[in-house]
Amino acid sequence: MINVAFVCLGNICRSPMAELVFANMIKERGLSSSFCVSSFGTSDEEEGNPIYPPVKRTLIMHGIAGNHTAKQLSLKDVINNDYILVMDGRNLLNVMHLTGGKYSEKVFKLCSFTDNPRDVADPWYTRDFEQAFADVEDGCKAFLEFILREKAELINYNNTH
Ligand code: 4NP
């Protein structure tokens, strides 16, 4: 089992989007039983709130359904996950602040796995939800390829014949 936590600031836009996109991706490939996927915000500002409606609409336009309730990342969540995938440099600093610099070996920017390492720009400010979706999808695809290439021994292939 590979425990993956996607992390942004508020946990109402980018990280729940990434959680649902990645969950959909592994489901399509029959790999769901190998992963436990969740998402968190570094701030408590949006705690208890649902996915931001424009994000939900963007996901539905891409055929992805699902709900999420915002929650703040705790040190325990960092300890309990194998990969902490943050959306941008600010999230990375916030996670390092939470851990006091520990566990840095499992914290990555989501798009650092792509050929074009970059931040997932925050659509809360850019209002460009399609761009956020494209970045999240690219990052999730590249992360899954990394896992299949580097951590194949952790994958359950009991769905294959
Ligand atoms: P997220 O976006 O970090 O992608 O969930 C934001 C959501 C809310 C706020 C900022 C970013 N806010 O300032 O309330």
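Order of listing sets the numbers, starting from 1, for every ligand and every atom in it.
A side-chain N or O of N11 and one of H68 form a donor-acceptor pair less than 3.5 Å apart.
For residues 14-36, every residue pair satisfying the ring-ring contact (aromatic ring centres under 6.0 Å, His included) rule, not counting sequence neighbours, is listed here: F6-F22, F22-F35, F22-F143. Residue pairs satisfying the side chain to side chain donor-acceptor pair (under 3.5 Å) criterion with at least one member in residues 95-113, sequence neighbours excluded, are listed as follows: K109-D119. Judged as a salt bridge (Lys or Arg N to Asp or Glu O under 4.0 Å), the pairs with a partner in residues 60-88 (not counting sequence neighbours) are, in order, R14-D88.
Put simply, CE on M87 and CE on M17 are 10.0 Å apart, with the number rounded to the nearest 0.5 Å.
In this structure, ligand 1 sits under 4.0 Å from heavy atoms belonging to C8, L9, G10, N11, I12, C13, R14, E46, D122, W124, Y125.
Put simply, the side chain of E47 gets close to the backbone of Q72: a donor and an acceptor are under 3.5 Å apart.
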